Number of protein chains: 2
Amino acid sequence: MAEAATVRRSRITPEREAELYTAVLDLLREVGYDALTMDAVAARTRSSKATLYRQWGGKPELVAKAIRHNKRGNISDIDTGSLRGDLHALTSREDDCTMQQNAALMRGLFMAVHANPDLLQAFKELLVEPEMEEFRRVVQRAVDRGEVRADCPALEYLMHMLTGAFATRTLIDDQPPTQQFLISYIDAVVLPALGAPTE
Amino acid sequence: MAEAATVRRSRITPEREAELYTAVLDLLREVGYDALTMDAVAARTRSSKATLYRQWGGKPELVAKAIRHNKRGNISDIDTGSLRGDLHALTSREDDCTMQQNAALMRGLFMAVHANPDLLQAFKELLVEPEMEEFRRVVQRAVDRGEVRADCPALEYLMHMLTGAFATRTLIDDQPPTQQFLISYIDAVVLPALGAPTE
């Protein structure tokens, strides 16, 4: 099976694959998951629908692969020596333009993941879990350094705090999320909730 | 103008109006804003499309009015004497079933408000602002009582904390938001971030 997959995969070049994923993410931001059709992907990338289905199997798989491809290389080895430094550095990996593109992407998927169990599964596996894993490492180091108590009840809500602020910024403030906003939120909310130094 | 509106409004009874709004909110949760058509509303409520347009003007207005109607009566005079008591009481106004219906409603609107400036405007005016106003009063009393410092930087992020946790719960934990979850989040995150007593 693995060999068969390799053979199928080899029909398109990595450059062509990257181009396709970019087109899928663009469409996703523009029209959302439900309105994204394989026809539209085929038209925009000047490929045949048959090729798309042969290569990826279907829409949830194509979208999940596109998102994973987009995130690849983002997993980092940030270790500044303080929780504040680490969280600021993680926030600063994406410039404001990328952050706003990702906010639009998230909106496009928010409704869809709840209506499509396959997409939700792919989304959690490929995006939420790796991100949580990364934050867990950062926080574990803070606990090891004595910056955060191991039994601090806010520990289990780190992702809710960060993702929630990112997701609700536009609705509440009529402004997209920016690095400056997230860093201010980390200092005002996340670090105090964790009882960690804010300076 | 106000008189003309009253005359037009008087054509349907309050009971019929409430029935219509319920149908609109049901459809919104089921299919989301984009797929919600005036045809579907007319079919489900056995009314004519002409009546709907004459009465409400259009889809954004009908949806905004339906949401406002749903929220009416929720503005309360909660004043328990502590910030923790007030926030817990505000969270407990909605039972878990209503909370989950509202989470589905929010998902249905999340993408749409960003694509429809009229809907975003109605959404902010009729939902976000009154809710923020209510939380502002609760927090101001906490400041007046000396529970929270007037210059606490987390004060401006109260809505991001609460709405964010509500919005991201399902995605992060595969479980819908519940009273229990929100109360635990308030104790673990919101009160410590505000420097307020957690007991």
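In what follows, chains carry the letters A, B, and so on, assigned in the order in which the sequence lines appear, proteins first and then strands, with residues in each chain numbered from 1. Quick caveat, the model's predicted, so the values are computed rather than measured.
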Value rounded to 0.5 Å, distance of CD in A/Gln55 from NZ in A/Lys65: 8.5 Å
Which distance, rounded to the nearest 0.5 Å, do you find between the CE of B/Met99 and the CZ of B/Arg93? 9.5 Å
Most contact-rich option vs chain B, by heavy-atom pairs under 4.5 angstrom, among A/Glu156, A/Met161, A/Arg169, is A/Met161
Less than 3.5 Å apart, any donor N or O on the side chain of A/Asp95 or A/Thr98 sitting next to an acceptor on the other? yes
If you apply the rule side-chain contact (heavy atoms from CB on, under 4.5 Å), what do you find for A/Val143 with A/Gln140, and how did you get there? CA-CA 5 Å; A/Val143 171; A/Gln140 187 55 50; 4.2 Å; yes
Side chain, backbone, both or neither of B/Ile172 within contact of chain A (heavy atoms, under 4.5 Å): both
Given that the side chain runs from C-beta out, which part of A/Leu171 has a heavy atom under 4.5 Å from chain B: side chain, backbone, both or neither? both
Of the listed A/Glu129, A/Lys124, A/Met132, the one with the largest count of heavy-atom pairs under 4.5 Å with chain B is A/Lys124
So for B/Asp174, is it side chain, backbone, both, or neither that comes closer than 4.5 Å to the heavy atoms of chain A? both
Whether over 12 other heavy atoms sit under 6.0 Å from A/Arg149 CZ: no
Pair count under 4.5 Å, heavy atoms only, with chain A: among B/Ala35, B/Ala188, B/Pro192, B/Ala167, highest is B/Ala188
Value for NE2 (B/His88) from CD1 (B/Ile78), rounded to nearest 0.5 Å, stands at 12.0 Å
Heavy-atom pairs under 4.5 Å with chain A, option from B/Leu162, B/Leu155, B/Asp173, B/Leu194 with the top count: B/Asp173
